[in-house]
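First up is the structure itself, then whatever we jot down about it.
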Amino acid sequence: MSGNPGDAPAGTAGGARGGAPAGRPDNGPAVSRQEFDALFASVRTWGRWAEADRGAWNGVTADHARRAAAAVRDGTVVPMARPWDTRPGPDNAKPALHYMSDLGDVQAPEPSVHKDFLAADYHGKSVTHLDALSHVAYRGQLYDGRAARESVDAAGARFGAVSALGPLVTRGVLVDLPAVLGVDWLEPGRAVHARDVVAAQEALGVTIGDGDAVLLRSGALRRRRELGPWNPDTASAGWHVDALPMLAERAVALLGGDGDSDVRPSPVEGVHSPVHALAVTAMGVPLLDNLDLEPLSAACAEAGRYTFLLVVAPLNVPGGTGSPVNPVAVL
């Protein structure tokens, strides 16, 4: 591994405008649309499951949950949700809402109660959330070949809704690439390749297997806290599409990260979120976006292991294309 912005000491490529990245991002190699379509076909699992709108979560059994729970050692619990973000910024174009709706002066006086209101346009870069299978269509089709226009309308999703998923309890694997490379973070625009996964498995002592939830730490939250925010729509570290066949072969159940899994700018011509299309639409693998993986990174380093029990419990929203969520790791 050499020549990548993420291979250099952190901060050496910081831009002049707050946390904006500088220099040419190493998001390649470029992939043509024809190559991408062939890749999409090669990892597609359409027709595999009777409950198709649960996708890869069909492959997670009670045995997966028992094995993950049996591996818990000291009981350290690590939540991964970012704080509910009501402040606008370059990475939060649609801030979440939170306001008080009752200050103890609405109902009868005793006991007084306090109430608040929450709302979010959560499919962005700030709210920690889960993408259900109805969230992403490619060439007009959702997972399992369902026509998007017939499956999702103004009333919500009739296929692939988050309510079909239910909770996930399985083994989590943290691919902590900055820890492997000895840097604080990967610079925005740095692509993570299959060869990086191989190196990370060896360095961290893990082997990704079927039913696993794979979480990629790029160090984005640490970079943001030290250098300031930037627009991750224009530059973010994440998976290159060449890593997806390996993850498909391992039959992973979930991908997540401290970004939205895609490297940006996209290396695929005409496809702005190719990893979303491959994972959600082709493989039926939901995504966890905008995790705070800094506490988990520290906990894993202290424990000397990078696997853990993972619990993901999305809201039960009929017709929802996803859900805000607070995933929890237990070591």
Side-chain angles (χ1 to χ4, degrees), residues 3-28 78-98 118-129 174-192 196 215-240 256-267 272-273 275-276 287-301 324-327:
N4 293 314
D7 296 337
T12 59
R17 298 181 303 280
R24 182 184 64 83
D26 189 10
N27 67 328
V78 185
M80 288 175 271
R82 294 176 59 173
W84 197 252
D85 195 347
T86 61
R87 300 179 62 182
D91 53 355
N92 193 16
K94 298 179 180 179
L97 300 178
H98 177 215
L118 295 173
D121 190 348
Y122 60 87
H123 282 301
K125 308 299 183 182
S126 180
V127 177
T128 302
H129 67 271
L174 180 65
V175 178
D176 195 340
L177 204 52
V180 172
L181 298 174
V183 298
D184 292 330
W185 57 72
L186 307 183
E187 279 297 324
R190 202 280 203 187
V192 176
D196 294 313
L215 308 182
L216 173 63
R217 175 179 174 259
S218 71
L221 266 291
R222 179 168 178 176
R223 187 185 192 280
R224 186 184 192 276
R225 289 162 185 157
E226 294 191 18
L227 299 184
W230 70 96
N231 183 0
D233 279 328
T234 61
S236 60
W239 297 112
H240 189 277
D258 49 15
D260 70 355
S261 290
D262 267 287
V263 65
R264 301 184 189 281
S266 168
H272 63 79
S273 301
V275 171
H276 276 65
L287 297 178
L288 278 175
D289 293 349
N290 310 323
L291 299 171
D292 185 350
L293 296 176
E294 297 309 298
L296 182 59
S297 174
C300 286
V325 68
N326 182 16

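Excluded from the calculations below are hydrogen atoms, water molecules and symmetry mates; all remaining heavy atoms, backbone and side chain alike, are included. Numbers here simply count residues along the sequence, with the first being 1.
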Heavy-atom distance under 4.5 Å between the side chains of [X] and [Y], does that happen here?
| X | Y | answer |
| --- | --- | --- |
| D196 | V180 | no |
| M80 | L293 | yes |
| P21 | R223 | yes |
| R217 | L296 | no |
| D176 | C300 | no |

With sequence neighbours excluded, what pairs up with [X] under the side chain to side chain donor-acceptor pair (under 3.5 Å) test?
| X | result |
| --- | --- |
| S273 | R264 |
| T128 | none |
| H98 | D116 |
| S261 | none |

Please assess W84 against V127 for the test side chain to side chain contact (heavy atoms under 4.5 Å, CB included), listing each intermediate value before the final yes or no. CA-CA 7 Å; W84 197 252; V127 177; 4.2 Å; yes
For H129, give me all partners under ring-ring contact (aromatic ring centres under 6.0 Å, His included), at least two apart in sequence or on another chain.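 With sequence neighbours excluded, H129 shows a ring-ring contact (aromatic ring centres under 6.0 Å, His included) to Y122, H123, given in chain and number order.
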[Y] backbone acceptor or donor facing [X] side chain under 3.5 Å:
| X | Y | answer |
| --- | --- | --- |
| D258 | G219 | yes |
| N27 | G189 | no |
| N326 | A81 | yes |

For [X], what residues pass the side chain to side chain contact (heavy atoms under 4.5 Å, CB included) criterion, not counting sequence neighbours?
| X | answer |
| --- | --- |
| L216 | V175, V192, W239 |
| D121 | K94 |
| T234 | N231 |

Give the minimum heavy-atom separation between [X] and [Y], together with the two atoms involved.
| X | Y | answer |
| --- | --- | --- |
| L291 | L221 | O-CD2, 3.8 Å |
| N92 | R87 | ND2-O, 2.8 Å |
| A237 | L186 | CB-CB, 4.0 Å |
| A299 | V78 | CB-CG2, 3.9 Å |

Return each pair, listed once, that meets salt bridge (charged side-chain N to carboxylate O under 4.0 Å, His left out) where at least one residue sits in residues 225-235; pairs must be two or more places apart or across chains. K125-D233, R222-E226, R225-D292
So D260 and H276, side chain to side chain contact (heavy atoms under 4.5 Å, CB included) or not? Walk me through it. CA-CA 8 Å; D260 70 355; H276 276 65; 3.8 Å; yes
Spacing of OG belonging to S236 relative to CD belonging to E187, to within rounding of 0.5 Å: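 The OG atom of S236 sits 12.0 Å away from the CD atom of E187.
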Could you pull out all residues at least two apart from D85 that satisfy salt bridge (Lys or Arg N to Asp or Glu O under 4.0 Å)?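 With sequence neighbours excluded, D85 shows a salt bridge (Lys or Arg N to Asp or Glu O under 4.0 Å) to no residue whatsoever.
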Distance under 6.0 Å and angle within 45° of ring axis: R190 vs W185: no
